Amino acid sequence: MRIALAQLNLTVGDLEGNAALIAQAYDDAAALGADLVAFPELAVCGYPPEDLLLKRAFVARCAETLEKLAARTGSTVAVIGYPEPDASSATGGRPYNAAAVCRDGRVEVVYRKQLLPNYAVFDEERYFAKGSSLPLFDAGGVTIGPSVCEDIWSDDGPPVRAAGAGAEVIVNINASPYYRGRQSEREQMLAGRARQIGRPIAYVNLVGGQDELVFDGGSVLVDATGTVVARAAQFAPELLVVDLAGSAPTPTVPLDDDAEVYEALVLGTRDYVRKNGFEDVIIGLSGGIDSALVAAVAADALGPERVTGVLMPSRYSSEGSVRDAEALVTNLGIRSMTVPIDPAHRAFADMLGEHFTGIAEENTQARIRGTTLMALSNRHGSLVLTTGNKSEYAMGYTTLYGDMAGGYGVIKDVFKTRVYRLATWRNVRDGALAIPLAIIDKPPSAELRPGQLDTDSLPPYEELDPVLEAYVERRRSITEMEAEGFDPALVRRVVRAVDANEYKRRQAPPGVRVSPLAFGKDRRLPITNRWSG
């Protein structure tokens, strides 16, 4: 049996565009002699469609699109994900998250997802009814058991029962979003499941950016012993074609940790910009590490000719920072402009008088820069990329309507210590110092007052980030963190700051999710909240 896994970059709501990509991949797979080609979960409409699924017209159009795709199929079987309408009272009118098995111009059978994830970024119980049947079908003389995403993760889920019912191969279609280490987790699970049921598993995943989520592809074929015999690229579309009983090509090597995160940032940024109708981006360049990394990601995502770095020096900007920002512009080959903010700074000082002091003066500088970037965005139609990192967002070391002003937060889910790692990784990747060493080596500073350093307001990042990782991403309590050996005073300081700044994060732009728990859809805490611990 020859099987094809169509790892596609699809767009939520673009039914015609998605159908065209599906049709082209089907034709390519058929031309290569595939007996079966599998497409990602909800391929017709893109994932996650969220409240679009509450619009009956949307679900109906998805079904119509699926029928048109089925009508053009031949002997090669297509397994296509789509929302299947159901108007019955038993489902409350909710559709099914379905996999349509299409052949010879018609929908032959439909599998309906049974295990609906309702955790982290998933809300499938809000939108879908649960399926219950286990339809099997034949392709290339082999009995196939279809399933959808979450179904494969349970050790007594539908694929296990399908194998017991006679399925010789399990086909699992997915829209599994990325976070650090996720590819390894998937493959370990699939290896264990294949050994458990003694059947090969063909796992196809979505690829592309959708708002905060990035889908990393990495589709695999795992044989009955749990060995990965074929693996598609990560973070790129691919049609992976494999002979089930024949010799398979050597699987591509998975990316390492930093490469994965960097490529996720690139793909998430590229798709957010392009899928939302923008062509160019604007970034405020301070000469610091955060804006340098964002500029490098943007240049890789869109091409340097579509990136403009804006230098906005103030009376407190050091000569070194301006020089470093100019060197970054040259190294990356991006466009640049310089807009000094001192005239506006003086005007605010005159206007506010005695009120213009301390934190008010510092934050006003950030807000002048934010206003400047948004004015340029309005004038040129470019999207502003913000440069705040996860450590800063966690601690509230950001300025509303200042450095938080913009359309997309590229490194919003990246701790500061990893920002440095990624900057170094980017330089090593190309064997050149795209990000000047002076930027990497200098102590971080907002430069909003003379001699200011981040450590004036925050613990050193190498101490801060492990506490943030424990509290935010691993959801550890104060007691648990202290038991793990963290300094009690540091823990309580960090927890107070994180909890107090939920209101700021709620107003932040979306950004690329690269961790198991990002600010945004993953973490939904009340702003008005007196719990501490």
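Heavy-atom basis, side chains included; hydrogens, waters and symmetry copies ignored. Here the structure is a predicted model, which means the values were calculated and not measured.
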Can you list everything that forms a salt bridge (charged side-chain N to carboxylate O under 4.0 Å, His left out) with [X]? Sequence neighbours excluded, please.
| X | value |
| --- | --- |
| Asp522 | Arg513 |
| Asp216 | Arg186 |
| Arg367 | none |

Taking [Y]'s backbone N and O only, do any of them form a donor-acceptor pair with [X]'s side chain (distance below 3.5 Å, no angle check)?
| X | Y | result |
| --- | --- | --- |
| Asn174 | Asn172 | yes |
| Thr424 | Tyr420 | yes |
| Asn427 | Ala434 | yes |
| Asn529 | Trp531 | yes |
| Asn18 | Val44 | yes |
| Thr252 | Arg231 | yes |
| Gln7 | Leu239 | no |

Atom [atom1] of [X]: over 12 foreign heavy atoms under 6.0 Å:
| X | atom1 | value |
| --- | --- | --- |
| Glu16 | CD | no |
| Glu319 | CD | no |
| Glu484 | CD | yes |
| Arg524 | CZ | yes |

Within the 3.5 Å criterion, strictly below it, is a donor on [X] or [Y] matched to an acceptor on the partner's side chain?
| X | Y | answer |
| --- | --- | --- |
| Asp413 | Ser515 | yes |
| Gln183 | Tyr178 | no |
| Glu392 | Thr398 | no |
| Asp271 | Asn9 | yes |

Just grab all the ring pair (Phe, Tyr, Trp, His ring centres under 6.0 Å) pairs involving residues 250-272, residues at least two apart or on different chains.
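Non-adjacent pairs meeting ring pair (Phe, Tyr, Trp, His ring centres under 6.0 Å): Tyr262-Trp425, Tyr272-Tyr408.
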Among all residues two or more places apart in sequence or in another chain, which pass the ring pair (Phe, Tyr, Trp, His ring centres under 6.0 Å) test with [X]?
| X | answer |
| --- | --- |
| Tyr393 | none |
| Phe122 | Tyr119 |
| Tyr503 | none |
| Phe519 | none |

Would Arg180 and Glu260 satisfy salt bridge (charged side-chain N to carboxylate O under 4.0 Å, His left out), going step by step from the backbone distance to the final call?
CA-CA 7 Å; Arg180 293 187 312 270; Glu260 269 194 1; over 6 Å; no
May I have the step-by-step check of side-chain hydrogen bond (donor to acceptor under 3.5 Å, both in side chains) for Lys504 and Thr399, ending in yes or no?
CA-CA 8 Å; Lys504 279 191 180 181; Thr399 303; 5.9 Å; no
Val512: which of Thr269, Val266, Leu267 passes side chain to side chain contact (heavy atoms under 4.5 Å, CB included)
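The residue from Thr269, Val266, Leu267 that satisfies side chain to side chain contact (heavy atoms under 4.5 Å, CB included) with Val512 turns out to be Thr269.
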Residue pair Ala4 / Ala29: nearest heavy atoms and the distance that separates them:
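For Ala4 versus Ala29, the nearest heavy atoms are CB-CB, 3.8 Å.
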Taking the basic N atoms (NZ, or NE/NH1/NH2) and the acidic carboxylate oxygens, is any pair closer than 4.0 Å for [X] and [Y]?
| X | Y | result |
| --- | --- | --- |
| Glu187 | Arg182 | no |
| Glu469 | Arg476 | no |
| Asp350 | Arg346 | no |
| Asp280 | Arg335 | yes |

With [X] via side chain to side chain contact (heavy atoms under 4.5 Å, CB included) - residues at least two apart:
| X | answer |
| --- | --- |
| Thr338 | Leu311, Pro313, Pro340 |
| Gln188 | Ser184 |
| Gln210 | Val12, Pro48, Phe215 |
| His380 | Leu376, Ser382 |

For Glu263 and Gln234, run side-chain hydrogen bond (donor to acceptor under 3.5 Å, both in side chains): C-alpha distance rounded to whole Å, both residues' side-chain angles, the deciding distance at 0.1 Å, then the answer.
CA-CA 9 Å; Glu263 291 303 325; Gln234 293 171 269; over 6 Å; no
Testing Asp465, Asn389, Asp257 one by one against Arg418 for a side chain to side chain donor-acceptor pair (under 3.5 Å), which residue passes?
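It is Asp257, the one option of Asp465, Asn389, Asp257 that forms the side chain to side chain donor-acceptor pair (under 3.5 Å) with Arg418.
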Passes salt bridge (charged side-chain N to carboxylate O under 4.0 Å, His left out), Asp300 versus Arg270? Steps please.
CA-CA 9 Å; Asp300 287 343; Arg270 178 189 299 126; over 6 Å; no
Are the ring centres of Phe348 and His355 closer than 6.0 Å?
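No.
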